[in-house]
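Chain letters run A, B, ... following the sequence lines, proteins first, then strands; residues in each count from 1.
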Number of protein chains: 2
Amino acid sequence: MKNLNDFNELALGSRLKSLSDRMFADVDALYKSRGIELSSRCFASLLLLRANGSMGITELARQLGQTHSAVSQLSKTMLKAGVIDQAKDPSDERRRLLQITPAGTQLLEHNKDLMDDIEAALRDAIAVTQHEFMAALNGLDQQLDEMSLFDRVKTRENARREKAVEIIDFEPRYRDDFKRLNVEWLEKYFYVEAFDNQVLSNPEEYILEPGGHIFFARLDDEIIGTSSLIRQEDGRFELSKMSITEKHQGLGLGRKLAQRAIEQFKRSDSPQLFLETNTRLTPAIRLYESLGFVHAKPEVESHYQRADVYMIYEGD
Amino acid sequence: MKNLNDFNELALGSRLKSLSDRMFADVDALYKSRGIELSSRCFASLLLLRANGSMGITELARQLGQTHSAVSQLSKTMLKAGVIDQAKDPSDERRRLLQITPAGTQLLEHNKDLMDDIEAALRDAIAVTQHEFMAALNGLDQQLDEMSLFDRVKTRENARREKAVEIIDFEPRYRDDFKRLNVEWLEKYFYVEAFDNQVLSNPEEYILEPGGHIFFARLDDEIIGTSSLIRQEDGRFELSKMSITEKHQGLGLGRKLAQRAIEQFKRSDSPQLFLETNTRLTPAIRLYESLGFVHAKPEVESHYQRADVYMIYEGD
DNA sequence: ACAAATTACGTAAGTACTAACGTAAATCCT
DNA sequence: AGGATTTACGTTAGTACTTACGTAATTTGT
């Protein structure tokens, strides 16, 4: 029969929870056997308050690794039990400073031996395992402080996806994806102009047949991004119709799609590569700048109202 | 500013809880970012069910380190989500066997990469700390399985107390304690007979002046146990009036108090040491046997109705 | 200097559990 | 065999939190 241990790090959360629940239950039972009504959860706060003098709710919450709401509620029980009292912070009227009362200090002192026993019992149980549990825990805590588990997994996910993404040329079966991606982008930042609809519905006629190119980013069997090179009548190329599904942004897909277009431009005999965009799209502009585009004055007026930035590719 | 880390093992429960909460929150967020509505808590159960086939509620609860109630409630959500189904155990009509559905298996398979990422991210975070967190956790888990934290602390508490207990001779200022302890014992097991009250209220007259002895067990400034040697008219000693406060039983105090009485008997010129007790008090009888007392027929009738066992000291 | 943003805290509602109790089926004990 | 005990599970009420939202005081940006 498999148990949680067999799932290694995957079930770590469940196992830590179960372990801490067991500890709290046992420590509560120990306090109760001494006739202490106060829950063991209060003791961590009391120890912090005794060590640090007076503390605000948020401050205490951060130390305990809980929300301020939890501490706010906890403080009520402790106030009622008379082990802490409160005072307004004179320099910040919002803050309620908590501090331990003589009764609270006495409670801690009176049960110092019990707390010593708990500490020693755990230290012993850990010692016989021949592993440095506390140091390992401190290390893990610190690692997750530096970068959360969420961010760590996202980084891995992105790395794995970026590796799995292929940049491919236009194929007729992806015609609908071409329109879908561009409309999604237009509706997010601007609105779909009349000319857009024409081009997006007939990419072969408007882009490929005049000598342009369409590229796709494909993840498994899903098309998640696109870019185009549109050939002008004077032979110049326009980098355009660049769009990446919201879900997969931040993977560096824009750079990949643009780089592929630049390569294509270089292989051609086209005299110039330019693009039009909008000042609002700062991340995109920064990307273009880093790829070797420089700002310039437009030579002819744009097909699109939204365009107010004009850039020319000058190479690296 | 001190934080929970500075309290070492004492605040371990709080720290583990906070760490597991963080993990659950992050993993939940990760699942949610994938559009999975099912809480991450369900996944541990699903993994166990997939690995082990069908399991009963209690069985699953034990593996998860939770109560059967928790699993019973959790199973409802999982049933409603369609990731598990249930069937009566044909060999035990009480048991409800849970098993994973194809939909559940598919959910796990479809998110295998995410689970791999979570596992790998944690493994990495642990690896850079240069500590073997998982091995240390397994070790601590196992230690606490072998003996609970509660029992460990109780053992320490008792050892510390036993060490701190002194066996002392009678002093007039402890006269009230002598009566209190004996009355407590009598009321618990029998009732206070008329002759008891006489003796207990006048220990000097009835016990010490005829050549007897009274011993006390003192913990700090508290008298927590007593025993007496009562000198008979024929010179024999009776081991009697043995009582230990309920709170401090199980510390081996009875043995200490009896041993002190035996020593005193040996130093005297008394021809015999005997005692009277009751068959109901098996732990006490076992103690007397281990100290060298043997069962015998009483030579004279007892002062007390409750006495139905008579023992004589024969040495080791 | 003053609106906007942030911070500190409280409250209400929801979640995930436990403790305590109850019921039904199985097992144990002569 | 049949009463006593144990085991498996469900339900209810309570606990310890969180999330979400609101208010008031403080800080920031220009």
Side-chain angles (χ1 to χ4, degrees), chain A residues 13-29 31-32 37-45 54-81 84 86-98, chain B residues 13-29 31-32 37-45 54-81 84 86-98:
Chain A
S14 296
R15 290 186 58 195
L16 291 177
K17 174 158 172 43
S18 145
L19 185 56
S20 84
D21 282 347
R22 261 209 286 181
M23 285 189 185
F24 270 118
D26 275 22
V27 172
D28 268 329
Y31 281 131
K32 207 164 190 178
E37 281 309 307
L38 210 60
S39 136
S40 66
R41 282 142 212 274
C42 297
F43 276 79
S45 305
S54 61
M55 297 173 81
I57 298 282
T58 310
E59 207 176 349
L60 196 50
R62 206 186 326 271
Q63 295 286 337
L64 292 168
Q66 291 176 346
T67 59
H68 75 271
S69 304
V71 177
S72 173
Q73 290 163 30
L74 185 70
S75 73
K76 278 189 205 165
T77 6
M78 293 171 69
L79 278 168
K80 209 154 66 181
I84 62 167
Q86 55 178 331
K88 285 258 172 206
D89 182 343
S91 69
D92 186 342
E93 290 280 313
R94 292 168 306 178
R95 298 185 73 206
R96 181 160 68 94
L97 289 177
L98 305 179
Chain B
S14 297
R15 289 185 59 197
L16 290 177
K17 175 161 170 40
S18 146
L19 185 55
S20 82
D21 283 347
R22 260 210 286 181
M23 286 188 184
F24 270 118
D26 275 23
V27 172
D28 269 328
Y31 282 131
K32 206 165 190 176
E37 281 309 308
L38 210 59
S39 138
S40 65
R41 282 146 211 272
C42 298
F43 276 80
S45 305
S54 61
M55 297 172 80
I57 299 282
T58 310
E59 207 177 349
L60 197 50
R62 208 189 322 274
Q63 295 287 338
L64 292 168
Q66 290 177 346
T67 60
H68 75 270
S69 307
V71 178
S72 173
Q73 290 164 30
L74 185 70
S75 73
K76 278 190 204 164
T77 15
M78 291 170 69
L79 279 168
K80 209 153 69 181
I84 62 168
Q86 55 178 332
K88 285 259 174 205
D89 182 343
S91 68
D92 185 342
E93 289 279 314
R94 292 168 307 177
R95 298 184 74 205
R96 183 159 66 95
L97 289 177
L98 305 179

Point to revise | Base of C/dT18 paired with side chain of B/Q73 (donor-acceptor, under 3.5 Å) | key: yes
Review point. Could you give the CD1-to-P distance, from B/I57 to C/dT18, as a whole number of Å?
Key: 13 Å
Check your understanding: A/S14 versus B/F43: any side-chain heavy-atom pair under 4.5 Å?
Key -> no
**Study point:** Any A/L79 side-chain heavy atom under 4.5 Å of A/Q86 side chain
**Key:** yes
Exercise for review: Could you state the atom-to-atom distance from CG of B/L60 to P of C/dC17 in whole Å?
Suggested key: 12 Å
Review point. Are any non-hydrogen side-chain atoms of B/L74 and B/S45 less than 4.5 angstrom apart?
Key: yes
Study note, to complete from the structure: B/L64 CG to C/dT18 P, in whole Å, measures 10 Å
Exercise for review: Anything under 4.0 Å to a heavy atom of chain A counts; send over the first and last such nucleotide of DNA chain D, read 5' to 3'.
Suggested key: D/dA16 to D/dT26
Using nucleotides 24-29 of chain C, report all nitrogen or oxygen pairs with the protein that are shorter than 3.5 Å.
{"unit_1": "C/dA25", "atom_1": "N3", "unit_2": "B/R94", "atom_2": "NH1", "d": "3.2"}
{"unit_1": "C/dA26", "atom_1": "OP1", "unit_2": "B/E93", "atom_2": "N", "d": "3.1"}

Point to revise | Worked check of salt bridge (charged side-chain N to carboxylate O under 4.0 Å, His left out) between A/E37 and A/K32 | key: CA-CA 6 Å; A/E37 281 309 307; A/K32 207 164 190 178; 5.6 Å; no
Study note, to complete from the structure: Atom CZ of A/R96 and atom P of C/dT7 are separated, to the nearest Å, by 20 Å
Review point. Pick the nucleotide of DNA chain D nearest each of B/S69 and B/R62; which residue has the one closer to the 5' end?
Key: B/R62
**Study point:** OP1 or OP2 of C/dT18 under 4.0 Å from side-chain N/O of B/T67
**Key:** yes
Check your understanding: Between C/dT18 atom P and A/D26 atom CG, what is the distance in whole Å?
Key -> 14 Å
**Study point:** Gap between atom CD1 of B/I84 and atom SG of B/C42 - 0.5 Å precision
**Key:** 8.5 Å
Exercise for review: Apply side-chain contact (heavy atoms from CB on, under 4.5 Å) to A/K17 and B/M23, showing your working.
Suggested key: CA-CA 10 Å; A/K17 174 158 172 43; B/M23 286 188 184; over 6 Å; no
Review point. Base, sugar-phosphate, or nothing for A/K76, non-hydrogen atoms under 4.0 angstrom?
Key: sugar-phosphate
**Study point:** DNA chain C: 5'-proximal contact among A/M55 and B/G65 (nearest heavy atom)
**Key:** A/M55
Check your understanding: Do A/R96 and A/S75 meet the criterion of a side-chain donor-acceptor pair at a distance under 3.5 Å?
Key -> yes
Practice item. Show your reasoning for whether side-chain contact (heavy atoms from CB on, under 4.5 Å) applies to B/V71 and B/H68. Key: CA-CA 5 Å; B/V71 178; B/H68 75 270; 5.7 Å; no
Review point. Do B/T58 and B/R62 touch side chain to side chain, with heavy atoms closer than 4.5 Å?
Key: yes
